[in-house]
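Notes to accompany the following structure.
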Amino acid sequence: MSMVHVFAGSTLDRRGNARRDPSWFEEAYERGRYLVVWESQALITADRPGAPRALSSSEAQAHLADETARRSLVFLGVDRQDTPYFAFDVSHLSEDPPQLVHDGEFADLRQVASIVEGEDAARMAYARAMMRWHRQHRYCGVCGDENEVRNSGHSMRCTSCGADHFPRTDPAVIMLVHDGEGRCLLGRQASWPPGVLSTLAGFVEPGESLEEAVIREVWEETGIEVHEARYHSSQPWPFPSSIMLGFHARGTFAEPKVDQVELEQAVWLERGQLLELQARREVRFPPPMSIARQLLEAWLAETNR
């Protein structure tokens with residue numbers, strides 16, 4: 001199955017070879033379009049809440065004269081019309097939020113994602129993730145000295161010890177656990193709104209495969225044994241910088257033993273029971289933009305055949 005989730009599906013050509021060339025970067029810089037991030041929020045068009053406000057090269061130059069903003073500049077890629085796209089960060093500005101252009105405003109990407117078009121959402125998520133990496137890696141993790149930006153913003157090198165640093169994405173598994181007999185296992189965290197149930201999830205730890213992470217996370221959070229993990233699809237998740245690797249996992253039907261640190265509740269629900277609770281609004285599914293929702297709906301569709 002091939003699926004394109006929200007925040008995936010970008011058509012930008014990242015030009016991994018060309019971006020190493022400083023002269024190519026400068027030429028692209030002169031004719032580019034610029035996405036702007038402030039405090040992890042995206043600059044959008046004020047009269048179209050779901051549309052990113054990409055600055056023209058001339059609009060961007062005034063802001064990129066600021067050394068801090070210029071240091072954060074990252075080349076994202078070239079679109080199908082050969083227009084280069086860049087991103088830069090203005091989180092250092094104290095104004096709350098700064099007014100960069102008269103027809104733009106900053107918005108939380110998580111809040112507007114449901115109304116952003118697919119390509120735009122992918123670009124905004126990409127920019128958000130890269131800006132966070134830049135903010136967190138000004139200094140070398142080996143010796144503590146300052147890093148210099150290289151590779152059009154896609155790597156850094158320590159000015160003292162020469163260590164190279166590259167953007168990181170944290171892998172996390174997310175799984176719809178079912179028993180193969182028409183029941184699925186859903187959980188909820190105490191911080192979630194009332195009635196929300198979702199799939200289980202957790203970060204992949206060093207030295208384990210994705211399937212092993214699925215088995216471990218389900219066991220740690222619910223005490224349920226998983227016997228089979230089948231890959232479904234993946235989703236970039238820039239909150240803050242993860243890749244969600246989705247699975248359908250078959251587990252043993254048994255009373256969950258909830259780890260109260262991770263979950264408030266875990267419960268097995270039959271398909272009909274789940275749909276009835278949702279219809280009565282006693283249970284709320286995760287938002288449509290999330291892979292959790294897609295895993296759940298895919299399972300419901302399979303059991304309905």
Side-chain angles (χ1 to χ4, degrees), residues 1-11 50 108-126 128-129 169-180 182-189 192-193 195-204 210-211 213-215 217-218 221-222 224 226 228-251 263 266-279 281-305:
M1 173 187 290
S2 177
M3 296 191 67
V4 178
H5 296 288
V6 176
F7 305 129
S10 173
T11 59
D108 187 323
L109 182 56
R110 194 194 296 261
Q111 300 301 319
V112 301
S114 62
I115 56 174
V116 178
E117 294 184 3
E119 176 71 25
D120 291 337
R123 293 180 187 180
M124 293 160 75
Y126 180 16
R128 187 186 194 276
T169 297
D170 299 320
V173 288
I174 182 166
M175 42 278 176
L176 189 288
V177 180
H178 64 91
D179 67 351
R183 290 176 288 243
C184 72
L185 178 67
L186 299 178
R188 63 168 281 108
Q189 297 180 10
W192 291 351
V196 173
L197 291 176
S198 188
T199 56
L200 307 181
F203 287 103
V204 180
L210 301 180
E211 292 81 2
V214 169
I215 293 169
E217 283 289 343
V218 175
E221 294 187 359
T222 67
I224 298 299
V226 166
E228 175 188 318
R230 177 169 53 90
Y231 176 76
H232 180 271
S233 58
S234 63
Q235 179 183 35
W237 192 250
F239 309 110
S241 54
S242 299
I243 176 75
M244 305 299 291
L245 302 150
F247 287 82
H248 281 167
R250 185 172 59 84
L263 297 177
V267 60
W268 289 99
L269 292 171
E270 295 181 355
R271 177 185 177 277
Q273 180 185 15
L274 178 59
L275 292 174
E276 181 180 347
L277 290 172
Q278 185 202 27
R281 299 185 178 180
E282 294 180 28
V283 164
R284 296 167 58 187
F285 288 173
M289 73 174 185
S290 69
I291 189 173
R293 176 68 168 267
Q294 303 308 316
L295 289 170
L296 179 56
E297 291 192 348
W299 177 78
L300 288 171
E302 285 181 2
T303 57
N304 194 32
R305 290 172 184 164

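Residue numbers count from 1 along this sequence. Values in this document were obtained by computation on a predicted structure and should not be read as measured data.
Residues Phe203 and Ser242 have side chains in contact (heavy-atom distance under 4.5 Å, counting atoms from C-beta outward). Thr11 is listed as a side-chain neighbour of Arg123, based on a closest heavy-atom distance under 4.5 Å.
Taking CZ of Arg284 as the start and CG of Leu277 as the end, the distance is 14.0 Å to the nearest 0.5 Å. Put simply, CZ on Arg271 and CG on Leu300 are 6.0 Å apart, with the number rounded to the nearest 0.5 Å. For the atom pair Leu245 CG and Met175 CE, the distance stands at 11.0 Å (nearest 0.5 Å). How far CG of Leu274 is from CZ of Phe285: 4.0 Å, rounded to the nearest 0.5 Å. Distance OG/Ser290 to NE2/His5: 9.5 Å, rounded to 0.5 Å. Distance CD/Glu282 to CD/Glu276: 8.0 Å, rounded to 0.5 Å.
In plain terms, the two heavy atoms of Val173 and Glu217 that are nearest each other are CG2-CG, 4.4 Å. Closest approach of Pro286 to Leu296, counting heavy atoms only: CD-CD2, 4.5 Å. Heavy-atom minimum distance, Ala121 versus Val6: CB-CG1, 4.3 Å. The minimum heavy-atom distance between Thr199 and Ala292, with the atom names listed, is OG1-CB, 3.4 Å. Taking every heavy atom of both residues into account, His178 and Trp299 meet most closely at CB-NE1, 3.4 Å. The two residues Arg188 and Pro193 have their closest heavy-atom pair at NH1-O, 3.1 Å.
Between Phe239 and Phe7, the angle of the ring planes goes over 60°, which puts this pair in the perpendicular group of the 30/60° scheme. Relative ring orientation between His248 and His232 is described as tilted, the plane-to-plane angle lying within the 30° to 60° band.
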Original post:
Would Ser234 and Met244 satisfy side-chain contact (heavy atoms from CB on, under 4.5 Å), going step by step from the backbone distance to the final call?
Top reply: CA-CA 5 Å; Ser234 63; Met244 305 299 291; over 6 Å; no
**OP:** Determine, stepwise, if the pair Val267 / Arg183 fulfils side-chain contact (heavy atoms from CB on, under 4.5 Å).
**Re:** CA-CA 10 Å; Val267 60; Arg183 290 176 288 243; over 6 Å; no
Subject >> Criterion side-chain contact (heavy atoms from CB on, under 4.5 Å) on Trp237 and Ile291, from CA distance to verdict >> reply: CA-CA 9 Å; Trp237 192 250; Ile291 189 173; over 6 Å; no
**OP:** List the steps and the verdict of side-chain contact (heavy atoms from CB on, under 4.5 Å) for Trp192 and Leu197.
**Re:** CA-CA 9 Å; Trp192 291 351; Leu197 291 176; over 6 Å; no
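With Gln235 contributing its side chain and Met289 its backbone, the two residues share a donor-acceptor pair below 3.5 Å. Within the 3.5 Å criterion, the main-chain N or O of Pro288 finds a donor-acceptor partner in the side chain of Gln294.
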